[in-house]
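Structure first, then comments.
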Number of protein chains: 2
Amino acid sequence: MPSAATVRAKRRTTPAVNPRATHLALALRCVAEQSGEISRAGIAAGTGLNRSTASSLIDELIGGGLVREVGSTARTRAGRPGTALALRPDGPAGLGIDVNVDYTAVCVVDLTGKVRYKHVVAEDQRGHGTREILDRVDRLARGARQAAEADGLDLVGSAVAVPGIVDRAGATVTLAPNLGWRDLDVSDLLPAGAHGERAALDNEANFAALSEAGLLRAGGSYLYVSGQIGVGAGIVLDGELYRGSHGWSGEIGHLTVDRNGPPCPCGRRGCLERYAGHEAILRAAGITDGAGTTFGVRPTADLITERAQAGDPATLAALAEAGAVLGGVLAGCLNLLDVGRLVLGGIYRQLAPWLAPEVEREVAAHFLGAGWASPEVTVSTYGAEAPALGAALSVVRTIVADPLRWLTR
Amino acid sequence: MPSAATVRAKRRTTPAVNPRATHLALALRCVAEQSGEISRAGIAAGTGLNRSTASSLIDELIGGGLVREVGSTARTRAGRPGTALALRPDGPAGLGIDVNVDYTAVCVVDLTGKVRYKHVVAEDQRGHGTREILDRVDRLARGARQAAEADGLDLVGSAVAVPGIVDRAGATVTLAPNLGWRDLDVSDLLPAGAHGERAALDNEANFAALSEAGLLRAGGSYLYVSGQIGVGAGIVLDGELYRGSHGWSGEIGHLTVDRNGPPCPCGRRGCLERYAGHEAILRAAGITDGAGTTFGVRPTADLITERAQAGDPATLAALAEAGAVLGGVLAGCLNLLDVGRLVLGGIYRQLAPWLAPEVEREVAAHFLGAGWASPEVTVSTYGAEAPALGAALSVVRTIVADPLRWLTR
DNA sequence: AGCGTATGTTGTGACCGGCAACAAATAGAC
DNA sequence: GTCTATTTGTTGCCGGTCACAACATACGCT
């Protein structure tokens, strides 16, 4: 029997809907869900396809280097034991890069969704030119690529997270105030994949949200709130990122909390950022850096944490107030979207011990479905590396979502 | 060649992914988009399928009674003119029912998306028992069914809109305060389709939103705000209704406008309904019904309109304030969802001359993408019949979305 | 050892879509 | 009026994909 690839090459054009592609994705997804514990027969049962079909699909996935056989399945009942299937930890991997305001992070994730390499460098990007920033990115990316290759991985694509608004196509940065970028077409400037694939581009909060979804679309629906200099959110619906009409969904930093509130640089008044943003918390807690102007994110976030741990009343009050306001706004978001889970990320992650109870209380108080369902407030599993991790994951997810495109180069 | 139906009967089981089903839907969608002006060759061009395949698909759709040939296409260039294809105006149709607080509406929509019958009865349901309300519904549904049958239509399904929260499965009404319904399983109580199909169930605002989307998913993304006794919204993303995790997405009536605002029956303070709801507008305009308690919707909405037309200052001020608050909240919703269009429905439709400018101003002022994109504020094309129409449309849309399920009974 | 059971493979038939060839129907050129 | 170019719709053929059944394989249990 000729290899599947050879056979397909003969096909003149692919039909508008290719069932094989869908079935391959279905089978691969099944393998990913129970990696190492599922057999060909299990795939057949899980997908509803015939055993012979499942077998053929798996053979193709194995031939393409995405799946491998690992021993045999646990034999519980009588009958021939199946050969266990698992995602290949070598093979294609994704590179994620996070160009944040005061640090840059890179991350490599393999096909199984595991982090294989990560590197975070604290560098304040403010005041530096685009060329300089991109050079740093390139340096970090090269380091990651070398490490990945030494580890036997094939980096097949990269994705970049930026603290700003990105157009839906993922080609240009519409606005990243803290990097000084505006309508910048970065599709040619960013490091490409090993085979020349262009880097994907998205907002930091979006990729961070994806880090929580993991490899599969099993994470359900949730709202990921990322506290940074601003306040951003990523919306994940049924494990899939919702990006909106223009790609800037989840921009909640400038939702109005109080029409008569303090003025915001955006030109309006009483924006959420003025209550729950990083600088707002610092100001409310009475923490200044002397000059009283701009702050870096990590050091001062640590400072807040320290003071809170020490029991400083002003800091505790500031966190409580920020949590309450944040919770009130987020409750509205959860109601509108009808999403039952909230994940606190960014600086909110380390501030969660003081922030989360307030958020939880407000959310519960304003949640519509109170009585039938209760919203769940959790803390991000990853820290500063979340955006880079999510970016790297997004690369691998595209392979798992459509393996045929990968198999046919 | 044997008929397609006969051939398919021989097939033992359908594969997990049936390309035929997708292609039939694709072809039918193409017909729907350019009903009466497209030929088989046009379908092929529009879908990317081969002419022979398109022909076979169309033959099956014609055999199934969904499509018919109508004359020939306009002959512009050289070549044989094509036979024009159109959706059948007879054939399957949908029944939509709206059990509103103070009126009941039924509506029949044929396969082309055209309204073939509608009937609105003003009846206040408050204080009436479930049995009584359902009897009314049944009576109206019977009338619609008779009219539809006399018109040569085949009512293949029905959908019911209720002013309240419905579970995601569409089987039970979780809460409809103004009907006095709570956790009511209505799936057996509502009129079924001609072939025993159970009625679909959804929130009034959701179905009203669908009325704006039309038969096809071509309406893009928008937020439909329905002003009733409460304030509800339907979220339509890429022409498809977004229902949320539990089915109660779009419940914006109790979003907090002001944490220190007036108390709301829901137990919280400063909810949107207290500013932009029907009764709030009446109160702010100084319109009372003597007893000062409950109002009906239509008559008092007309009253507001009359006073506004007469230039009553209190009414104009009330509408301006309601519009401003509504616009502020909706701007936040549009930002979160990244949706660029807003449709005003319910009582907001007739109040739009005074409300819309304020809404538009606030939305524009708070819209994030100001500068790159501007939000569009429009008025619902349908009035009180919008929910019933949307409900009926939802039935027909399921056929257009998956014709194979219809063809195989 | 034999039986029942589950797994993986192979061969067959059916369905589906692309392709090419052909008849049909028209516009335009001469 | 006739011929040509062009477009449409149909038909036969072939390749790809999948369901199904039959079979070899490998295990537990008796």
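In the text below, chain A, chain B and the rest are named by the order of the sequence lines, each starting its count at 1.
Distances were taken from every side-chain heavy atom of A:His23 (C-beta onward) to each of C:dG17, D:dT11, D:dC18; the shortest belongs to D:dC18.
Under 4.0 angstrom from either OP1 or OP2 of C:dG17 there lies at least one side-chain N or O belonging to B:Arg20.
In this structure a side-chain-to-backbone donor-acceptor pair under 3.5 Å is missing from A:Asp110 to A:Ala93.
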Show each protein N/O and nucleotides 5-9 of chain D N/O combination with a separation under 3.5 Å, one pair to a line.
from	atom 1	to	atom 2	distance (Å)
D:dT6	O2	B:Gly79	N	3.3
D:dT7	O2	B:Arg80	N	2.8
D:dT8	O4'	B:Arg80	O	3.2
D:dT8	O2	B:Arg80	NH1	2.9
D:dG9	OP1	B:Thr83	N	2.6
D:dG9	OP1	B:Thr83	OG1	3.0
D:dG9	OP2	B:Arg40	N	3.2
D:dG9	OP2	B:Ala41	N	2.8
D:dG9	N7	B:Arg51	NE	3.1
D:dG9	N7	B:Arg51	NH2	3.2
D:dG9	O6	B:Arg51	NH2	2.8

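Checked for salt-bridge contact, A:Glu240 and A:Arg397 meet the test: a charged N lies under 4.0 Å from a carboxylate O. Residues A:Asp90 and A:Arg68 are not paired through a salt bridge, judged by the lack of any N-O separation under 4.0 Å between the basic side chain and the carboxylate. In summary, A:Arg145 and A:Glu149 do not engage in a salt bridge, as defined by a charged side-chain N under 4.0 Å from a carboxylate O. Between B:Glu69 and B:Arg40 a salt bridge is recorded (basic side-chain N to carboxylate O distance below 4.0 Å). Salt bridge annotation for A:Arg243-A:Asp202: present, with a cationic side-chain nitrogen under 4.0 angstrom from a carboxylate oxygen.
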For a side-chain hydrogen bond (donor to acceptor under 3.5 Å, both in side chains) check, start with the C-alpha distance between A:Thr381 and A:Glu212, then their side-chain angles and the critical distance, and finish with the verdict. CA-CA 7 Å; A:Thr381 38; A:Glu212 211 65 26; 3.0 Å; yes
Take A:Arg80 and A:Ser72, measure what side-chain hydrogen bond (donor to acceptor under 3.5 Å, both in side chains) needs, and give me the verdict at the end. CA-CA 10 Å; A:Arg80 170 177 171 178; A:Ser72 40; over 6 Å; no
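The terminal axes of the helix from C:dA1-D:dT30 to C:dC30-D:dG1, fitted over 5 pairs per end, subtend an angle of 0° to the nearest 10°.
Between A:Asn18 atom CG and D:dG16 atom P the separation is 12 Å, expressed in whole Å. As a whole-Å value, the separation of A:Ile43 CD1 from C:dT7 P is 12 Å. Atom C1' of nucleotide C:dT9 and atom CD1 of A:Ile58 are separated by 15 Å, given to the nearest angstrom. Here the P atom of nucleotide C:dT7 and the CD1 atom of A:Ile38 are 11 Å apart, to the nearest Å.
One donor-acceptor pair, N or O on each side, does fall under 3.5 Å between the base of D:dC20 and the side chain of A:Ser52.
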